[in-house]
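The block underneath contains the structure these notes are about, expressed in structure tokens.
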Amino acid sequence: MNWFVAALALCVLVPSAHCATGTVAWCYHAPTCNDTTWATISTQFCNGSRQSPINIVPAEATADSSLTAFTFHNFSRASNLKTITNTGKTVKISIDSGVGVEGGGLEERYDSLQFHLHWGNGSSVPGSEHTVDGKRYPMELHIVNIKSSHNGNITAALADSTGLAALGFFIDVRPGSTGQPAIWQTLSTYLANITNSDDIATLESGLTLDDVLVGVNRSSYYRYLGSLTTPTCNEAVVWTVFKDPILVSEDVINLFNSTVRVANSSSPLVFNNYRRIQPTQSVTTQRSSTSSSSKTCYSLGLMALSVILGRS
């Protein structure tokens, strides 16, 4: 049985000295406690009109010339990955200060805080949060970023409809390989050191975000306005979901669902830690005829577009 119950502070997703203090008890897919109850246990946002994750339908996405190339600040800097933690819900990697992202249609620079992962139950039982034409990938990586003007104040960011920017990357099986890419093999070796909830380990020097995102064309992505994908589901996130997956060996993928535990050695393993697909908001979009073929990105409901609230 997939048991997955805990108390969540918003600090789990976005660690900060200014983190909001409210907590709610929630879980993913246990028979009597699952994500269908979130709308009743966290009523302010979890039943809102711009909830995440969503199913992306490329044929219905509209080209938007405002979605330019990103600038990734210090993603190549050695040692910008600091610690790895078992939160009891996921595996989280903290990011050093000075790392950030701007461009890509974002209002301003956003500072990177951490990335975490969602997975299923082995490579054969996929567990990405977003889907594409109904396809669910084995895993998904989320880099959480906060608007620089909020100066690390998570409470302020959560009250801002674009206060956070999440970069989502699908993870797919890299055929015919083991222990690849090298940085993913390295990160997976730390899982044995964080088997219990709240375990934390310091990462070795020389690990970069660019290496983690190896092989991804970061000029090709989808964009929509959404929410946190865990309670309290605040609708404060600009979502960017990249088209190209990170290709990781099956043996590395399988270590996540078979190593880290919800609490301690007598508790269940963490698996199927993804929220089900949410109804997509209705939107009015404006098709762009000026995007160059090399930089065309696709939009599912953008900041500059008028949103018709309601659930389909």
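Computed from a predicted structure; not experimentally measured.
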How far does [atom1] of [X] sit from [atom2] of [Y], to the nearest 0.5 angstrom?
{"X": "Ser42", "Y": "Asn234", "atom1": "OG", "atom2": "CG", "answer": "7.5 Å"}
{"X": "Leu164", "Y": "Leu113", "atom1": "CG", "atom2": "CG", "answer": "8.0 Å"}
{"X": "Ser94", "Y": "Asn80", "atom1": "OG", "atom2": "CG", "answer": "10.0 Å"}
{"X": "His118", "Y": "Asn272", "atom1": "NE2", "atom2": "CG", "answer": "12.5 Å"}
{"X": "Thr155", "Y": "Asn153", "atom1": "OG1", "atom2": "CG", "answer": "5.0 Å"}

Validation row: [X], [Y] side chains within 4.5 angstrom (heavy atoms):
{"X": "Val260", "Y": "Leu269", "result": "no"}
{"X": "Ser161", "Y": "Arg50", "result": "yes"}
{"X": "Leu106", "Y": "Asn145", "result": "no"}
{"X": "Ser112", "Y": "Phe75", "result": "yes"}

Ring center gap for Tyr222 and Phe242 short of 6.0 angstrom: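 No, the ring of Tyr222 stays outside the 6.0 Å limit from the ring of Phe242, centre to centre.
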Tyr274 and His29 aromatic centres sub-6.0 Å: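 Yes, close enough.
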Test of understanding: with salt bridge (Lys or Arg N to Asp or Glu O under 4.0 Å), list the residues that count as partners of [X], not counting sequence neighbours.
{"X": "Asp199", "value": "none"}
{"X": "Asp96", "value": "Arg77"}
{"X": "Lys135", "value": "Asp172"}

Shared ILVMFWY cluster between [X] and [Y], side chains joined below 4.5 angstrom?
{"X": "Val99", "Y": "Ile246", "result": "yes"}
{"X": "Leu255", "Y": "Ile253", "result": "yes"}
{"X": "Val125", "Y": "Ile171", "result": "no"}
{"X": "Leu158", "Y": "Phe45", "result": "no"}
{"X": "Val132", "Y": "Ile54", "result": "yes"}

What are the two closest non-hydrogen atoms of [X] and [Y], and how far apart are they?
{"X": "Ile194", "Y": "Ala201", "result": "CG2-N, 4.0 Å"}
{"X": "Cys46", "Y": "Pro231", "result": "SG-CA, 4.1 Å"}
{"X": "Pro138", "Y": "Ser123", "result": "CG-O, 4.2 Å"}
{"X": "Tyr221", "Y": "Gly104", "result": "OH-CA, 3.4 Å"}
{"X": "Trp38", "Y": "Thr230", "result": "CZ3-CA, 3.9 Å"}
{"X": "Ala157", "Y": "Ala236", "result": "O-CB, 3.7 Å"}

Output yes when a side-chain donor or acceptor of [X] lies under 3.5 Å from a complementary backbone atom of [Y], and no otherwise.
{"X": "Ser267", "Y": "Asn264", "value": "yes"}
{"X": "Asn257", "Y": "Gly120", "value": "no"}
{"X": "Arg136", "Y": "Ser128", "value": "yes"}
{"X": "Glu140", "Y": "Glu129", "value": "yes"}
{"X": "Asn273", "Y": "Lys89", "value": "yes"}
{"X": "Arg261", "Y": "Thr195", "value": "no"}
{"X": "Asn121", "Y": "Phe271", "value": "no"}
{"X": "Thr43", "Y": "Thr40", "value": "no"}
{"X": "Trp119", "Y": "Val270", "value": "yes"}

List, one per line, each side-chain donor-acceptor pair under 3.5 Å for residues 202-211, sequence neighbours excluded.
residue	atom	partner	partner atom	Å
Thr208	OG1	Asp211	N	3.0
Thr208	OG1	Asp211	OD2	3.1
Asp210	OD1	Arg218	NH1	3.2
Asp210	OD1	Arg218	NH2	2.9
Asp210	OD2	Ser76	N	3.4

Note: Arg275-Asp35 ion pair, threshold 4.0 Å (strictly below):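 Answer for the salt bridge query: no.
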Pairing of Asp160 and Lys147 as salt bridge, 4.0 angstrom limit: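 Salt bridge present between Asp160 and Lys147.
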Would you say [Y] and [X] are linked by a side-chain donor-acceptor pair, where the criterion is simply a distance under 3.5 Å?
{"X": "Glu235", "Y": "Ser227", "value": "no"}
{"X": "Asn55", "Y": "His130", "value": "no"}
{"X": "Ser52", "Y": "Thr229", "value": "no"}
{"X": "Ser197", "Y": "Asn86", "value": "no"}
{"X": "Ser148", "Y": "Glu108", "value": "no"}
{"X": "Thr240", "Y": "Arg223", "value": "yes"}

Sequence-distant partners of Thr259, side chain to side chain donor-acceptor pair (under 3.5 Å), two or more places apart: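 Per chain and number, Thr259 pairs via side chain to side chain donor-acceptor pair (under 3.5 Å) with no residue.
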Test log, rule side-chain contact (heavy atoms from CB on, under 4.5 Å), inputs Phe72 and Leu213: CA-CA 12 Å; Phe72 297 93; Leu213 306 178; 5.7 Å; no
Stepwise side-chain contact (heavy atoms from CB on, under 4.5 Å) check, Tyr110 with Ile146: CA-CA 5 Å; Tyr110 285 70; Ile146 183 173; 5.6 Å; no
Test side-chain contact (heavy atoms from CB on, under 4.5 Å) applied to Thr85 and Val91, step by step: CA-CA 6 Å; Thr85 303; Val91 169; over 6 Å; no
Derivation of the side-chain contact (heavy atoms from CB on, under 4.5 Å) call for Phe169 and Ile143: CA-CA 8 Å; Phe169 298 85; Ile143 303 177; 3.8 Å; yes
May I have the list of side-chain donor-acceptor pairs in residues 177-188 shorter than 3.5 Å, sequence neighbours left out?
residue	atom	partner	partner atom	Å
Ser177	OG	Arg174	O	3.1
Ser177	OG	Ser249	OG	2.8
Trp184	NE1	Val212	O	3.0
Thr186	OG1	Ala182	O	3.1
Ser188	OG	Trp184	O	3.3
Ser188	OG	Gln185	O	2.8

Lys NZ or Arg CZ of Lys92 over Phe115 ring: under 6.0 Å, within 45°: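 So Lys92 doesn't make the cation-pi contact.
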